[in-house]
2 protein chains.
Amino acid sequence: MESCCSMKGFLTFIVLRLISKKNMSGEEVREEIRKRKGTRPSPGTVYPVLKYLNKSGFIEEIKHKGKIKKYKITKKGKKELNEATKKFCMLFYDMKDDLSRRCY
Amino acid sequence: MESCCSMKGFLTFIVLRLISKKNMSGEEVREEIRKRKGTRPSPGTVYPVLKYLNKSGFIEEIKHKGKIKKYKITKKGKKELNEATKKFCMLFYDMKDDLSRRCY
DNA sequence: TTTCCAATATCGCATATCCGATATAAAAGA
DNA sequence: TCTTTTATATCGGATATGCGATATTGGAAA
């Protein structure tokens, strides 16, 4: 454990959540996470997550021009995200105040 | 990956946060997490986390009667928690609405 | 066409995370 | 005292997580 609260984990949840808000490519996902964490996750981190989400039927490829693949969330993915969000809220219900106060 | 969004991780953060709100023993920590996650984390999960937080100076033992050890957060721990909370908020800033809407 | 670049894909590895099993220790109850 | 129970502690191992390195692929630019 490098320091307290390494904040590792939850990446799959975050990626599904990002794509639910806006259709995204792998690179866009990497960039959005960089904005939030400060560090850009490596390709070896993000693409396997996308592959997993795709194979599970939670996201699907949409029309793309060129080699860029954009993904959108599926109905099944929305259901899954809904469940996951519920769990997240159960776990962190009292983070509400911190989130309201500190993040702008 | 068993299912999407396994919600693994963040345990150290959660434990430090719990103790910051109320002085707690290991068993109390286990019980509080059970309330939130539905499953009671095993001793082999919780006690090493407490040991780590204690050795790092983020929590300290307080007077206990019997064999029960209660911990309280230290000044150093508060600082660490503050930093970690900031990171958490950066990462999940847009969960605010979900937390407000769904958790009661 | 040929070269270069950017997005995607994959593999092996290091580490983190958490659990189950087991041990220890102290108090409570017989 | 002896047994039982409960809280704490520790260890090995299974799995998840994310990274670095590298390959591939298609478009853009020359």
Side-chain angles (χ1 to χ4, degrees), chain A residues 1-19 23-34 36-56 59-72 84 87-88 91, chain B residues 1-19 23-34 36-56 59-72 84 87-88 91:
Chain A
M1 229 172 293
E2 41 187 65
S3 95
C4 165
C5 315
S6 69
M7 298 289 170
K8 202 173 172 180
F10 286 73
L11 188 63
T12 309
F13 175 66
I14 290 170
V15 172
L16 183 57
R17 197 174 150 73
L18 287 176
I19 293 176
N23 300 338
M24 280 190 178
S25 66
E27 289 306 301
E28 287 175 304
V29 167
R30 290 182 69 200
E31 177 55 21
E32 181 58 33
I33 292 175
R34 188 201 58 74
R36 299 184 181 217
K37 295 189 63 170
T39 58
R40 190 181 183 78
S42 88
T45 299
V46 168
Y47 289 102
V49 169
L50 290 172
K51 185 181 177 184
Y52 160 75
L53 288 172
N54 188 29
K55 283 210 167 179
S56 303
I59 61 175
E60 62 187 7
E61 261 182 81
I62 56 177
K63 287 264 184 328
H64 55 284
K65 56 171 190 168
K67 69 183 156 175
I68 296 176
K69 285 188 187 174
K70 285 228 183 192
Y71 293 96
K72 62 171 283 195
K87 281 190 200 170
F88 183 94
L91 203 48
Chain B
M1 230 173 294
E2 41 187 66
S3 94
C4 165
C5 316
S6 68
M7 299 288 170
K8 203 174 172 179
F10 286 74
L11 187 63
T12 309
F13 175 65
I14 290 170
V15 172
L16 183 57
R17 197 174 149 72
L18 287 177
I19 293 176
N23 299 339
M24 279 190 179
S25 66
E27 289 306 301
E28 287 175 304
V29 167
R30 290 181 69 200
E31 177 55 21
E32 181 57 32
I33 292 175
R34 188 200 58 74
R36 299 183 181 218
K37 295 189 62 169
T39 59
R40 191 181 183 77
S42 88
T45 299
V46 168
Y47 290 102
V49 170
L50 290 173
K51 185 181 176 183
Y52 161 74
L53 289 172
N54 188 29
K55 283 211 168 180
S56 303
I59 62 176
E60 63 187 5
E61 260 182 83
I62 56 176
K63 288 261 184 328
H64 55 283
K65 56 173 190 168
K67 68 183 158 177
I68 296 175
K69 285 189 188 172
K70 285 226 181 190
Y71 293 97
K72 61 171 286 196
K87 281 190 200 170
F88 183 95
L91 202 49

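In what follows, every heavy atom counts, from backbone to side chain, and hydrogens, waters and symmetry copies are set aside. Computed from a predicted structure; not experimentally measured. Below, chain A is the first sequence line, B the second, and so on; all start at residue 1.
The side chain of A:Lys67 approaches C:dC5 more closely than any other nucleotide in the set C:dC18, C:dC5, D:dC19. The side chain of A:Pro43 approaches C:dT10 more closely than any other nucleotide in the set C:dC18, D:dA9, C:dT10. When distances run from any side-chain atom of A:Pro41 to the nucleotides D:dG26, D:dC19, D:dT8, the shortest one goes to D:dC19. Listed candidates were D:dT8, C:dA7, C:dC19. Nearest to the side chain of B:Ser25 is D:dT8. The A:Thr45 side chain lies nearest to D:dC19 when the options are C:dT10, D:dA7, D:dC19.
Going from atom CG of A:Leu53 over to atom P of D:dG18 covers 12 Å, rounded to whole Å. Following rounding to the nearest Å, B:Leu16 (CG) and C:dT17 (P) show an atom-to-atom distance of 14 Å. If you measure from atom NZ of A:Lys37 to atom C1' of D:dT17, you get 10 Å, rounded to the nearest angstrom. The nearest whole Å value for the distance from the OH atom in A:Tyr47 to the P atom in D:dA21 is 18 Å. What separates CD of A:Glu61 from P of C:dA7 is a distance of 16 Å, to the nearest Å. Whole-Å rounding puts the A:Ile68 CD1 to C:dA7 P distance at 6 Å. Whole-Å rounding puts the B:Arg40 CZ to C:dG20 P distance at 13 Å. One interatomic measurement links the two molecules: CZ of A:Phe13 to P of D:dA16, which rounds to 19 Å at whole-angstrom precision.
Contacts of B:Gly44 with the nucleic acid, taken as non-hydrogen atoms under 4.0 Å apart, include base atoms. Contact annotation for B:Leu50: no contact, since no heavy-atom pair falls under 4.0 Å across all strands. Residue-level contact check: A:Gly26 touches the backbone only, with heavy atoms under 4.0 Å from sugar-phosphate atoms and none from bases.
Counting heavy atoms from C-beta on, the side chains of A:Ile14 and A:Lys37 never come closer than 4.5 Å.
Between the base of D:dA7 and the side chain of B:Lys69 there is no donor-acceptor pair shorter than 3.5 Å.
The phosphate of C:dA9 has neither OP1 nor OP2 within less than 4.0 Å of any side-chain N or O from A:Lys51.
Qualifying side-chain contact (heavy atoms from CB on, under 4.5 Å) partners for A:Glu60, counting only residues two or more places apart in sequence or in other chains: A:Lys72, A:Thr74.
Residue B:Tyr71 is the one, among A:Ser42 and B:Tyr71, whose nearest nucleotide of DNA chain D lies closer to the 5' end (criterion: closest heavy atom).
Each of B:Arg34, B:Arg30, B:Arg36 was compared with B:Glu32 under the side chain to side chain donor-acceptor pair (under 3.5 Å) criterion, and only B:Arg36 meets it.
The shortest non-hydrogen separation linking A:Ile19 to A:Tyr71 is CG2-O, 3.6 Å.
Note: B:Phe88 and B:Phe10 have perpendicular aromatic rings, judged against thresholds of 30 and 60 degrees for the angle between ring planes.
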